[in-house]
Protein chains: 4
Amino acid sequence: MATNKYDEIAQAAITLFNRKGYHATSVQDIADEVGLQKGSLYHYINSKEELLLEIATKSINGFCRELEAVCEQASTAQEKLERAIYHHFDIVIGHLEMTTVLLREAFFLSDDQHKLIKDANDRYLNLWVQIIQEGIDTHEFRGEDPRLTALSILGSCNWVYRWYKADGKKSPQEIARYFCDLHLLGVLNR
Amino acid sequence: MATNKYDEIAQAAITLFNRKGYHATSVQDIADEVGLQKGSLYHYINSKEELLLEIATKSINGFCRELEAVCEQASTAQEKLERAIYHHFDIVIGHLEMTTVLLREAFFLSDDQHKLIKDANDRYLNLWVQIIQEGIDTHEFRGEDPRLTALSILGSCNWVYRWYKADGKKSPQEIARYFCDLHLLGVLNR
Amino acid sequence: MATNKYDEIAQAAITLFNRKGYHATSVQDIADEVGLQKGSLYHYINSKEELLLEIATKSINGFCRELEAVCEQASTAQEKLERAIYHHFDIVIGHLEMTTVLLREAFFLSDDQHKLIKDANDRYLNLWVQIIQEGIDTHEFRGEDPRLTALSILGSCNWVYRWYKADGKKSPQEIARYFCDLHLLGVLNR
Amino acid sequence: MATNKYDEIAQAAITLFNRKGYHATSVQDIADEVGLQKGSLYHYINSKEELLLEIATKSINGFCRELEAVCEQASTAQEKLERAIYHHFDIVIGHLEMTTVLLREAFFLSDDQHKLIKDANDRYLNLWVQIIQEGIDTHEFRGEDPRLTALSILGSCNWVYRWYKADGKKSPQEIARYFCDLHLLGVLNR
DNA sequence: CATGAATGAGTTTTCATTCAT
DNA sequence: AATGAATGAAAACTCATTCAT
């Protein structure tokens with residue numbers, strides 16, 4: 001991993017923000033973690049807040065990118081929804097710390113910066129809404145409020161960051177499958 | 001509102017923690033909000049953290065109390081689950097600010113105090129798990145992992161605090177009904 | 001002991017000043033100790049500092065009074081010095097807490113008030129100096145600097161408040177006798 | 001005095017603690033004295049209390065070090081005792097402010113830290129006790145309780161910090177000699 | 001006599017950020 | 001690139017004292 005220094009710093013920040021929260025993590029903590037002096041960090045970052053913004057941005061962009069790929073590749077709405085759920089789980093669990101920072105800490109950005117994340121979150125939500133809407137249009141799915149349906153599924157799948165532990169009985173894939181079943185039963189027309 | 005001073009302070013804290021987050025809210029902010037000097041607050045509270053703990057405790061206890069009542073009164077598992085969802089929505093939306101403090105800010109308590117909230121959250125989750133388990137036992141519900149089912153539904157219903165706006169097209173009751181339908185379809189045996 | 005309230009308060013203050021020091025003892029601590037509210041204390045005292053001043057004054061006055069009595073009653077300088085030492089021990093050990101407040105805490109009075117105590121201390125010292133001087137004049141004692149002699153003996157006897165423990169092997173009287181011997185050998189002409 | 005910054009801070013603290021006492025000296029006072037901002041002090045110290053601990057530790061260690069050297073070099077108990085008294089005076093008067101901090105302010109350390117100083121003080125006392133004991137064993141000294149003898153002499157010599165003024169008629173050496181005479185007469189066998 | 005709410009100045013400490021070296 | 005000294009504003013909390021009831 002020939003990571004560069006900035007990535008090292010970002011990773012340290014993710015770990016620490018995840019463990020203690022953004023506010024409780026000092027710039028000194030991050031510096032200690034990467035073995036630099038506090039002042040030296042500022043060669044790589046402009047501010048602690050920008051670091052948080054960049055982490056959150058990278059995280060939400062990852063979610064969007066995956067889902068856009070899914071939408072392009074899958075054919076039916078059902079297939080899209082299934083793969084959307086699987087990919088969401090992949091990221092949440094595969095990048096649990098970063099996802100936690102996105103979902104728990106981005107709120108503490110200043111209004112302007114928080115707006116950027118909120119907008120990106122909305123774009124991501126809209127991708128889900130479009131999938132549901134498409135399913136309703138093709139009569140694959142029931143329901144008449146695709147946004148509410150999307151919020152229900154997405155909330156359920158996001159909440160995972162709050163309870164998932166790697167040492168559980170079920171593998172991430174099994175959990176994803178279980179959730180996928182539940183949600184599809186909720187939306188599929190029969 | 002001739003409430004007593006402590007309640008006024010707690011309400012101010014809820015409003016501010018909700019608006020800016022626990023860390024970004026200073027004791028001075030709370031004092032300003034209730035029209036006291038900073039030092040005078042300490043006649044009513046022992047510390048800012050204890051104030052947060054008390055708010056979170058009151059909130060989670062409210063959830064538990066309601067659900068226990070539901071479990072005693074309703075007969076079938078389906079009825080319990082439906083009413084659990086409705087009551088959960090009632091509280092989340094009826095006390096949106098306090099719920100937000102519980103779900104977003106309790107994490108920032110120190111370990112000992114956070115533990116108290118986590119334990120109460122687990123008790124609440126277990127009530128849901130028991131309902132699902134009971135439904136599986138009576139063959140009302142499908143599924144073989146009641147905890148995962150509960151986490152899916154609860155996550156979906158908790159997430160509401162992050163997107164609900166009072167000015168939406170649907171009333172809280174309609175949203176609750178919509179979610180209830182989705183989740184029941186996901187779990188009901190047919 | 002039909003002590004009045006003020007004496008109760010003074011005694012509580014002595015105990016607490018002795019245990020934690022004047023600065024580390026809050027008015028609240030004293031109020032708690034006597035079972036009053038903080039505000040109620042101020043019916044009996046004018047300020048925390050005045051309370052300290054009164055304790056210290058009472059203490060040093062006690063030392064002076066005893067020594068003046070000794071000087072009037074005893075005949076020879078040797079007898080006076082012996083009884084001065086015994087009486088000093090009587091007070092230091094009999095009122096260990098109050099003496100500790102005098103010797104350790106009076107310094108923390110404001111300049112004006114501290115001056116009052118310093119002056120009283122000087123008067124007490126002068127009584128010792130007079131005894132030594134008298135002994136030198138009558139050739140009972142050796143030495144040519146009665147003030148230094150007095151300071152040596154008094155320092156030795158004052159220091160007792162810092163190490164005396166009631167559970168020691170020797171009784172207060174035995175300690176006094178031991179010290180008396182040492183100091184008399186130091187000053188007596190042979 | 002191109003001393004380093006920490007020493008400057010410690011010296012400022014010694015001066016201020018000496019003048020006003022530990023509690024009455026604020027971190028701001030110390031910062032003002034060395035021409036730094038309050039916050040900048042914390043590059044050099046961890047806390048005000050640790051600063052006091054370090055001053056007191058350095059002080060008592062100085063006393064111990066000197067006395068250990070004396071014990072190694074001097075031959076007879078009498079010689080040791082004489083030199084112990086001279087060295088004690090050297091330090092008390094040569095470092096009057098630091099000694100004052102040790103003897104008057106160390107009490108205000110928290111229990112754990114105060115214990116460290118008390119233990120060091122006990123070690124110092126024990127060196128005196130050993131000297132006296134040795135003199136008793138060799139029949140140089142009279143007395144049967146070397147600890148009491150040591151406490152008497154040490155108390156007398158410590159008390160000096162409370163009355164010594166540089167503008168007195170006698171030089172420090174003359175005072176030391178005077179005290180030495182007094183105490184030796186008290187303990188020497190004849 | 002007693003209360004307890006309220007004050008307001010004070011305390012120690014933290015911390016993101018800057019900058020000369 | 002890296003340091004580490006310095007800043008200055010802000011934080012939570014304490015406390016002696018006052019006073020209306």
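All chains are named by letter (A, B, ...) in the order of the sequence lines, taking the proteins before the strands, and each is independently numbered beginning at 1.
- For F:dG4, one of the phosphate oxygens OP1 or OP2 lies less than 4.0 angstrom from a side-chain nitrogen or oxygen of A:Gln37.
- Closest to the D:His43 side chain, of the nucleotides F:dA6, E:dC1, E:dT7, is F:dA6.
- Put simply, the side chain of A:His95 does not reach to within 4.5 Å of the side chain of A:Ser59, judged on heavy atoms.
- Distance check: B:Asn61 CG to B:Leu102 CG gives 10.0 Å after rounding to the nearest 0.5 Å.
- Taking atom OH of D:Tyr6 as the reference point, atom P of F:dA5 lies 14 Å away to the nearest angstrom.
- Rounded to an integer number of Å, the gap from D:Asp32 CG to F:dG8 C1' is 14 Å.
- In this entry the distance linking CD of A:Glu8 with C1' of F:dA2 reads 15 Å, nearest Å.
- Surrounding NE2 of B:His114 are more than 12 heavy atoms belonging to other residues, nucleotides or ligands, all under 6.0 Å away.
- One interatomic measurement links the two molecules: NZ of A:Lys20 to C1' of E:dC15, which rounds to 12 Å at whole-angstrom precision.
- With a cut-off of 3.5 Å on both pairing distances, the Watson-Crick or G-U wobble partner of E:dT11 is F:dA12.
- Rounding to the nearest 0.5 Å places OG of C:Ser47 at 6.5 Å from CD of C:Gln113.
- Distance CG (C:Leu52) to P (F:dA16): 13 Å, rounded to an integer number of Å.
- Nucleotide F:dA6 holds its P atom 16 Å from the CD1 atom of D:Ile30, rounded to whole Å.
- Judged by distance alone, with hydrogens and angles left aside, the side-chain atoms of B:Asp29 form a donor-acceptor pair with the main-chain N or O of B:Ser26 at under 3.5 Å.
- In summary, of the residues considered (C:Asp111, C:Asp112, C:Asp119), a salt bridge (Lys or Arg N to Asp or Glu O under 4.0 Å) with C:Lys115 occurs for C:Asp119 alone.
- Straight-line distance from the CG atom of D:Leu36 to the C1' atom of F:dA9: 17 Å, rounded to whole Å.
- Rounded to an integer number of Å, the gap from CG of C:Leu41 to P of F:dT17 is 11 Å.
- Cation-pi geometry between A:Arg104 and A:Tyr161 is not met at under 6.0 angstrom from the ring centre and within 45 degrees of the axis.
- A donor atom on one side chain and an acceptor atom on the other are not found under 3.5 Å apart for B:Tyr42 and B:Gln37.
- Ring planes of D:His23 and C:His23: tilted class, angle from 30 to 60°.
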5' to 3', nucleotides 10-15 of chain F under a 4.0 Å protein heavy-atom cut-off (B base, S sugar-phosphate only, - none) gives BSSBBB
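- Near DNA chain F, meaning a heavy atom under 4.0 Å away, there are no residues from residues 102-117 of chain C.
- Across all strands shown, E:dA2 is found opposite F:dT21 as a Watson-Crick or G-U wobble partner, with both distances under 3.5 Å.
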